[in-house]
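Notes follow the structure.
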Amino acid sequence: MCGIIGIVAKVPVNQSIFDGLTVLQHRGQDAAGIATCENDRVYLRKENGLVRDVFNTHHMLRLPGNMGIGHVRYPTAGNSSSVEAQPFYVNSPYGITLAHNGNLTNSTKLKEELFKDGLRHVNTDSDSEVLLNVMADELQKMGKLEINEKDVFATIKGVNKRVKGAYGVVAMITGYGIVGFRDPNGIRPLVYGKRETENGTEYIIASESVAIDVLDFELIDDVKPGEAVFINMQGEIFIQQCADKATYSPCIFEHVYFARPDSLIDGISVYKARLRMGETLARKIKRVFADHDIDVVIPIPDTSRTSALQLSYELGVVYREGFIKNRYIGRTFIMPGQTQRKKSVRQKLNAIELEFKGKNVLLVDDSIVRGTTSKQIIQMARDSGANKVYFASAAPPVRHPNVYGIDMPSVNELIGHDRDEKQIAEAIGADWLVYQDLDDLIEAVHWDKDSQVEKFDCSCFNGDYVTDDVTDEYLKHLEDFRNDAAKEAREELNVREGLVNLYNAS
């Protein structure tokens, strides 16, 4: 999962993109990058780290131009090497810079075709670089010295025909403009807005509406599945459907975990969806544990707060903040290795003992993926004197890999795989455990019946993948490449290569 942003303005955009990326930082803390364009020249800065650490004053001064794109990353495909930080750039044709959120399910095949048919070399393991080269290959087919919006839309049509999987993209074509486009299922989110200034209209494309709000733009709409939005250097906007067949099937996990509560995604308030998750979860607790003896409801910060607050109200049980979060530690679920996740839980949270001592505590989290964090937090509650520790998940059990850009690749690393709720409760050390039912989750998120969403991608819960190319063979390939052991091996290799380079340089 990543965060992307693109702006075409009448004034330099480097500061606005920087500010927008800090708002989208929750979508990835592994690397950050900004590319700008001035006088047909691209300026690029990207590196591992948080936005505030990657960009200093002298970096910002070297990012001139009224047009640019930005990216914050956590790695799913590829690895966490700075070589794979985005945006990616290719010089031909015209000079294209691209930032991508999602995951391609046919990247291996595309990579082979790009070399065989176009002699295009893909330098990294990142599927985003593959996507960039597919776009460049399609744009090259125009065979023109100068292009217009019709050529850009024809290019995106070609991309949609060749590429499978999930993608929200902003791409900058040097000297022409920025195009944002979304996969034909609309799995990953993308929105666009405008801002009226004394110099004219400025436009923005971003992963979430919160970036549009904070930068004082006005939200226009979501980029629809298969749609492309092109903004040229003159500040004109063009919109066109670029997929032969589009189905509105966004990822429901955006509402569960990834998106900020103050965002609107596909016209749906994430905040209200999470409130309703708390309501439906409370109904289940009343039904399954009618004689419960819960003394206090405590959220596991931050994502579960909204659901936990509404759940406590529905149950008529007091709500308390029992954990204090160190905000300078990244989100443990999206950290690249199991060792790092385990180490970070204790550093990230500290319990307030008086809220636990002698009480029957219901801990509420947005979801349970690997179970590592849940187990440690439950033990923290017991160490703080809790009498009993119950656990509630605002999402159903995660039993299947996610292949569309969320780091749930190895089925054997999912605590919900081949376990029932009682077995999961025993594994994480809870006295009892309750999960949200999938139908209730869908009802909670799809609260606005006027929404254009036809269905949600719930593949990590039910194994129903909205694209038609997710086979057992593909899942096995993904597991071998992206499980924790494979990631840690690649990280170790990166460290060794870095030490060798440092030695050679000295």
Side-chain angles (χ1 to χ4, degrees), residues 1-7 13-14 17-37 42-56 58-60 62-63 65 68-91 95-104 107 111 121-133 135-136 167-172 174 178 188 206-207 211 258 330-331 334-337 340 405-407 481-482 487-488 490-498 501-502:
M1 191 64 59
C2 302
I4 61 176
I5 187 172
I7 298 177
V13 296
N14 53 356
I17 293 176
F18 175 93
D19 294 340
L21 289 180
T22 60
V23 175
L24 297 173
Q25 187 77 84
H26 61 285
R27 301 187 66 87
Q29 296 110 43
D30 184 70
I34 294 175
T36 60
C37 179
V42 174
Y43 300 84
L44 175 63
R45 163 69 180 170
K46 59 180 181 177
E47 188 54 80
N48 279 6
L50 300 176
V51 176
R52 66 178 183 228
D53 299 322
V54 171
F55 301 100
N56 297 320
H58 69 280
H59 298 129
M60 298 296 285
R62 295 172 183 171
L63 292 169
I69 64 175
H71 186 270
V72 287
R73 178 195 71 173
Y74 98 95
T76 49
N79 57 51
S80 59
S81 165
S82 61
V83 175
E84 298 195 0
Q86 297 185 42
F88 281 114
Y89 171 78
V90 66
N91 71 322
I96 307 172
T97 320
L98 179 142
H100 165 222
N101 171 33
N103 186 59
L104 308 188
S107 59
K111 189 173 183 178
H121 172 68
V122 178
N123 192 50
T124 69
D125 290 324
S126 174
D127 59 341
S128 302
E129 191 186 6
V130 172
L131 179 56
L132 168 61
N133 276 274
M135 179 179 173
Y167 47 96
V169 175
V170 288
M172 180 170 65
T174 306
I178 288 177
R188 299 271 70 89
S207 291
F258 273 104
R331 301 175 86 178
I334 63 176
M335 286 183 173
Q340 192 174 354
I406 300 177
D407 196 12
F481 184 71
R482 284 168 47 187
K487 284 181 181 176
E488 288 172 5
R490 288 195 296 274
E491 290 300 315
E492 183 178 350
L493 180 61
N494 287 336
V495 170
R496 289 179 179 176
E497 289 176 347
N501 292 336
L502 183 63

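If you're wondering where the values come from, they're calculated on a predicted model, not measured in any experiment.
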Across all chains, not counting sequence neighbours, the side-chain hydrogen bond (donor to acceptor under 3.5 Å, both in side chains) partners of N133 are R120
For N101, side-chain contact (heavy atoms from CB on, under 4.5 Å) partners two or more places apart: M1, C2, I4, R27, R188, P189, S207
If you round to the nearest 0.5 Å, how far is CG of L98 from CE of M172? 10.5 Å
In this structure, CD of E84 is separated from NZ of K46 (nearest 0.5 Å) by 9.5 Å
Qualifying residues under side-chain contact (heavy atoms from CB on, under 4.5 Å), relative to N91, sequence neighbours excluded: Y89
With S128 via side-chain hydrogen bond (donor to acceptor under 3.5 Å, both in side chains) - residues at least two apart: Q86, H100
Tell me every residue that passes side-chain hydrogen bond (donor to acceptor under 3.5 Å, both in side chains) with D19, counting only those two or more places apart in sequence or in another chain. Q15
Would you say D127's side chain and S107's backbone share a donor-acceptor pair under 3.5 angstrom? no
Can you give me the closest heavy-atom contact between T174 and C37, atom names plus distance? CG2-SG, 3.8 Å
Quick one: which of I96, I69, V42 gives a side chain to side chain contact (heavy atoms under 4.5 Å, CB included) with P87? I69
Apply side-chain contact (heavy atoms from CB on, under 4.5 Å) to H121 and list each qualifying residue two or more places apart in sequence or on a separate chain. N123
Evaluate the side-chain proximity of F88 to L44: yes if any heavy-atom separation is below 4.5 Å, no if none is. no
Mind checking the CZ-CG spacing from R62 to N56? Nearest 0.5 Å is all I need. 10.5 Å
About how many Å separate NZ of K111 and CD of E129, when rounded to the nearest 0.5 Å? 7.5 Å
With sequence neighbours excluded, residues passing side-chain contact (heavy atoms from CB on, under 4.5 Å) with V51: F18, L21, T22, Q25, A32, F55, V72
Locate the shortest heavy-atom distance separating V90 from A136; write the atom from each residue and the value. CG1-CB, 3.9 Å
Nearest heavy-atom pair of A35 and T97: which atoms, and what distance? CB-CG2, 3.6 Å
Distance, nearest 0.5 Å, that separates CG of L63 from CD1 of I17: 8.5 Å
